[in-house]
Amino acid sequence: MTIDSRQVAAGMLEAVPFARTLGIEFVEVAPEADGGVRAVVRLPDTLAIHNHIGGPHAGAMFTLGETASGTIVLVAFGHLLDRMVPLVVRADIAYHKRAYGPVLATARLGRPAQEVIDELEAGQRPEFPIEVQIGTEDGKHTSTLTVLWTLRPN
């Protein structure tokens, strides 16, 4: 699988204007050995997104993680957009430690993409988790987000 990271980033920023508002940057979108996809997105450290303790606001960190998960959806299932609409079913985030400075979110698809596609092609409405690890640029893990997505057939 070949992935054009710049094209994916442009598509995400066009489809999700709030990601532009927060200044989210796309660091990496790459295939993984098991046929999966990894996306890494970055939230720069700006005063406009700080909370009362000087780190990124919880809502900004959630948006960073959700954007990373949406990037996975676009890469894994974007070729099916004429047949379905991707939607978030629910999301669960745990904030483990305070974050300061720029923050990275790394997302991975929780099920094989082909399984999800097979369910869609069988007329089902597949659901699949995307796991997101959020942390500082120096590697300190600060949050975990799981986003459950579905593909609603048109």
Side-chain angles (χ1 to χ4, degrees), residues 1-44 46 48-49 51 55-96 99 102-136 141-154:
M1 170 192 302
T2 303
I3 300 171
D4 183 341
S5 295
R6 281 180 260 160
Q7 183 179 7
V8 171
M12 283 298 295
L13 291 173
E14 181 179 328
V16 186
F18 192 50
R20 277 196 318 266
T21 299
L22 290 179
I24 290 176
E25 303 165 351
F26 293 79
V27 175
E28 178 184 34
V29 183
E32 299 216 288
D34 61 358
V37 180
R38 178 183 65 255
V40 181
V41 298
R42 180 178 184 270
L43 181 66
T46 62
I49 58 124
N51 60 17
H57 189 279
M61 289 179 59
F62 177 90
T63 301
L64 176 72
E66 197 272 342
T67 300
S69 77
T71 302
I72 297 294
V73 172
L74 179 63
V75 170
F77 308 112
H79 64 288
L80 302 171
L81 286 173
D82 62 329
R83 298 179 22 211
M84 62 78 187
V85 175
L87 300 167
V88 172
V89 175
R90 70 176 169 269
D92 180 47
I93 191 163
Y95 299 97
H96 306 291
V103 182
L104 297 173
T106 302
R108 290 184 167 87
L109 185 59
R111 286 182 59 198
Q114 192 57 54
E115 264 184 28
V116 175
I117 293 168
D118 290 346
E119 288 178 16
L120 181 69
E121 289 177 350
Q124 300 172 22
R125 185 173 170 166
E127 291 186 353
F128 53 94
I130 297 183
E131 306 294 332
V132 185
Q133 299 298 314
I134 302 172
T136 60
H141 176 76
T142 61
S143 306
T144 304
L145 173 66
T146 302
V147 183
L148 184 66
W149 286 83
T150 189
L151 304 180
R152 185 190 75 204
N154 289 339

Using the rule given for side-chain contact (heavy atoms from CB on, under 4.5 Å), can you reason through L87 versus R125, listing the C-alpha separation, both sets of side-chain angles and the distance that settles it, and then say yes or no? CA-CA 11 Å; L87 300 167; R125 185 173 170 166; 3.6 Å; yes

Do L81 and P86 make a side-chain contact, defined as non-hydrogen atoms from C-beta onward lying under 4.5 Å apart? yes

Would you name the heavy atoms of [X] and [Y] that are closest together and state the gap between them?
X	Y	answer
A68	V41	CB-CG2, 3.6 Å
T142	G135	OG1-CA, 3.6 Å
T150	P126	OG1-O, 2.8 Å
A30	I3	C-CD1, 3.7 Å
S69	A107	N-CB, 4.0 Å
I117	L80	CG1-CD1, 3.8 Å

What is the distance from atom [atom1] of [X] to atom [atom2] of [Y], rounded to the nearest 0.5 Å?
X	Y	atom1	atom2	answer
L151	Q124	CG	CD	11.5 Å
T106	E131	OG1	CD	12.5 Å
E119	Q114	CD	CD	11.0 Å
T136	L43	OG1	CG	12.5 Å
L22	R42	CG	CZ	13.5 Å
T67	R20	OG1	CZ	11.5 Å

R38 meets the salt bridge (Lys or Arg N to Asp or Glu O under 4.0 Å) criterion, sequence neighbours left out, with E28, E32

Can you say whether the rings of F128 and W149 are parallel (under 30°), tilted (30 to 60°) or perpendicular (over 60°)? parallel

Just to verify, what does E115 make a side chain to side chain donor-acceptor pair (under 3.5 Å) with, not counting sequence neighbours? R111

Could I get the full list of side chain to side chain donor-acceptor pair (under 3.5 Å) partners for T63, not counting sequence neighbours? none

Using a 6.0 Å cut-off, check whether atom CD of Q7 has over 12 heavy atoms from anything other than its own residue. no

Tell me, which pairs form a side-chain hydrogen bond (donor to acceptor under 3.5 Å, both in side chains) where one or both residues lie in residues 84-96, sequence neighbours left out? H96-T144

Tell me, please, which residues at least two apart from F62 pass ring pair (Phe, Tyr, Trp, His ring centres under 6.0 Å). none

Stepwise side-chain contact (heavy atoms from CB on, under 4.5 Å) test for L109 and V37: CA-CA 7 Å; L109 185 59; V37 180; 5.8 Å; no

Any pair counted as ring pair (Phe, Tyr, Trp, His ring centres under 6.0 Å), so long as it reaches residues 2-42, sequence neighbours left out: none

